[in-house]
Number of protein chains: 2
Amino acid sequence: MDKNDLRNKLVLIATRLFAERGLNGVSIRELSKAAGVSISMISYHFGGKEGLYSSVLQEQFSDFDYIEEINKADTEELAKIEAYIRWIIVRYRNKPYLLRFYTSELTNPTQFFSLIVQPAIEKIIQILAQIIEEGIAKNKFRKDLNPVDTVLAMAGMVNYYFLSTLATQELINHSPERDEVLIRHYMDIFTKGILS
Amino acid sequence: MDKNDLRNKLVLIATRLFAERGLNGVSIRELSKAAGVSISMISYHFGGKEGLYSSVLQEQFSDFDYIEEINKADTEELAKIEAYIRWIIVRYRNKPYLLRFYTSELTNPTQFFSLIVQPAIEKIIQILAQIIEEGIAKNKFRKDLNPVDTVLAMAGMVNYYFLSTLATQELINHSPERDEVLIRHYMDIFTKGILS
DNA sequence: AAAGACAGAACGAACGTTCGATATTTTGAC
DNA sequence: GTCAAAATATCGAACGTTCGTTCTGTCTTT
């Protein structure tokens, strides 16, 4: 087997297990058994259990480039915002365990947050706030809006939908059709709130 | 020492430690050392480590009665909504580790969710949706609103503020003054979005 | 033949629980 | 109220299990 095959396989399996039960909730024996390899392979390829966990985290927070592309597109502000909302939904669909990793269990979590999560979130907030500012400058949006707070309000509406679904484990049905209804609904509420 | 003194002390200490590093990230030796008692006390009083963890969870999700009082108050719909937002903020201020427990690590997490978290969230959503419905019936709010989705949008704006703060560990400054600004801001956006 | 990938056994450390002994509190008869 | 006895609370050691890592040897690839 190619070296990278096993690495990718371990990251894939570890992502699901770590997300379900956390770093300390999964043993390397279970991980290696699920991957069909020896337990020594985790130390060999990742330098230890935390090394594998770090690889999982890196992979989970490595898809923030798309948000920059949204911003570069030559569309109006509200279209960019809708594109951002759709991106969040796709993100949670592809990485349903993402929220768990916001409360990381690394020996040095500060490092993980300051190196990976914080820059990513700051970048998103900055880009979206800039979109709001442009809308204000063009007199499309209300002049008295605080761009950052407005971004947090908007991001909250979308993220919370998935957070509450995770927390209640089936309280709200997930489906593409329902996603579409929610996008329309959120855009509707949000648009009425910020348009001048 | 009184029996309940030690029980309460252990729950208090365990809440902070479990929230910081999760069920499997804290040993009963560390817990009992922090409480200044023997390790056997945890099994004696709580029937084991998971018993203590369950007690922590129960205590963290046992403050949902206030939301019913808000609903009973003889005030108009928007005032009730603002009271709800303030309640969330106080809740997170008093229980800053609350979000961690949404991804529980119990051996049988389904039981925890179905018994504690889900009923609590469903109750809140139901009460708030009822408030929205009343506003619609009185022609205060837009007729085309879906009450439940509207509640999720509103709850998301507030909850996400704290979620993002937790995730970024200092990205956004917390203070009563800033809370007040946010309450005004969120109420403003939300009000404009739902008023008829 | 050299280098890399992998397996499996072995290691010490840490884990949660249990158990017998001891200290403290509560109970009840006088 | 006193005091012995019962019940409860606490301790600390010991137990068996599981943990992550390491090491030696073997197989595969270059």
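Numbered from 1 within each chain, the chains take letters A, B, ... in sequence-line order.
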Worksheet item: Distance check: side-chain N/O of B:H45 vs OP1/OP2 of D:dT8, anything under 4.0 Å?
Response: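 No.
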Discussion item. At less than 4.0 Å, is any side-chain N or O atom of B:Y44 found next to OP1 or OP2 of D:dA9? Yes or no.
Written reply: yes
Discussion item. Taking the side chain as everything from C-beta on, heavy atoms only, tell me whether A:Y53 gets closer than 4.5 Å to A:V26.
Written reply: no
Shorter than 3.5 Å, N or O on both sides, protein versus nucleotides 23-27 of chain D: list them out with atom names.
none

Whole-Å gap separating [atom2] ([N]) and [atom1] ([X]):
{"X": "A:F46", "N": "D:dG20", "atom1": "CZ", "atom2": "C1'", "value": "16 Å"}
{"X": "A:L10", "N": "D:dG20", "atom1": "CG", "atom2": "P", "value": "14 Å"}
{"X": "B:L6", "N": "C:dT24", "atom1": "CG", "atom2": "C1'", "value": "14 Å"}
{"X": "B:M41", "N": "C:dT24", "atom1": "CE", "atom2": "C1'", "value": "12 Å"}
{"X": "B:I42", "N": "D:dT10", "atom1": "CD1", "atom2": "P", "value": "12 Å"}
{"X": "A:E50", "N": "D:dC19", "atom1": "CD", "atom2": "P", "value": "16 Å"}
{"X": "B:D5", "N": "C:dT25", "atom1": "CG", "atom2": "P", "value": "12 Å"}
{"X": "A:L31", "N": "C:dC6", "atom1": "CG", "atom2": "C1'", "value": "17 Å"}

Going by atom type alone, with no hydrogens or angles, which donor-acceptor pairs under 3.5 Å involve a side-chain atom of residues 123-134 of chain A and a protein atom two or more places apart or on another chain?
| unit_1 | atom_1 | unit_2 | atom_2 | d |
| --- | --- | --- | --- | --- |
| A:K123 | NZ | A:E68 | OE2 | 3.1 |

Worksheet item: Considering residues at least two apart in sequence or located in another chain, which fulfil the salt bridge (Lys or Arg N to Asp or Glu O under 4.0 Å) criterion with B:D144?
Response: B:R142
Worksheet item: Residues in salt bridge (Lys or Arg N to Asp or Glu O under 4.0 Å) with B:K33, at least two apart?
Response: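 For B:K33 there are no salt bridge (Lys or Arg N to Asp or Glu O under 4.0 Å) partners, ignoring immediate neighbours.
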Discussion item. Walk me through whether B:R86 and B:R91 qualify under side chain to side chain contact (heavy atoms under 4.5 Å, CB included).
Written reply: CA-CA 9 Å; B:R86 287 182 189 280; B:R91 189 168 149 74; over 6 Å; no
Fill in: side chain to side chain donor-acceptor pair (under 3.5 Å) partners for A:S27, two or more places apart
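So A:S27 forms no side chain to side chain donor-acceptor pair (under 3.5 Å) with any residue.
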Worksheet entry | Pairing residues for A:R29 by the side chain to side chain donor-acceptor pair (under 3.5 Å) criterion, not counting sequence neighbours |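 Here no residue qualifies.
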Practice prompt. Among residues two or more places apart or on two chains, list those pairs meeting salt bridge (charged side-chain N to carboxylate O under 4.0 Å, His left out) that have a residue in residues 38-59 of chain B.
Written response: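 For residues 38-59 of chain B: none.
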Worksheet item: Residues two or more places apart in sequence or in another chain: which of them pass ring-ring contact (aromatic ring centres under 6.0 Å, His included) with A:F61?
Response: A:Y102, A:F112
Polar atom pairs between nucleotides 12-16 of chain C and protein, under 3.5 Å, N or O only, would you list them?
| unit_1 | atom_1 | unit_2 | atom_2 | d |
| --- | --- | --- | --- | --- |
| C:dG16 | OP1 | B:K49 | NZ | 2.3 |
| C:dG16 | OP2 | B:I28 | N | 2.9 |
| C:dG16 | N7 | B:R29 | NH1 | 2.7 |
| C:dG16 | O6 | B:R29 | NH2 | 2.9 |

Sequence neighbours excluded and cut-off under 3.5 Å, please list the side-chain donor-acceptor pairs for residues 10-21 of chain B, or say none.
| unit_1 | atom_1 | unit_2 | atom_2 | d |
| --- | --- | --- | --- | --- |
| B:T15 | OG1 | B:V11 | O | 2.6 |
| B:R21 | NE | B:G25 | O | 3.4 |
| B:R21 | NH2 | B:E30 | OE1 | 2.6 |
| B:R21 | NH2 | B:E30 | OE2 | 2.6 |

Worksheet item: Among all residues two or more places apart in sequence or in another chain, which pass the side chain to side chain contact (heavy atoms under 4.5 Å, CB included) test with A:A79?
Response: A:T75, A:E76
Worksheet item: Which of residues 14-22 of chain B have a heavy atom under 4.0 Å from DNA chain D?
Response: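 Here the set is empty: none.
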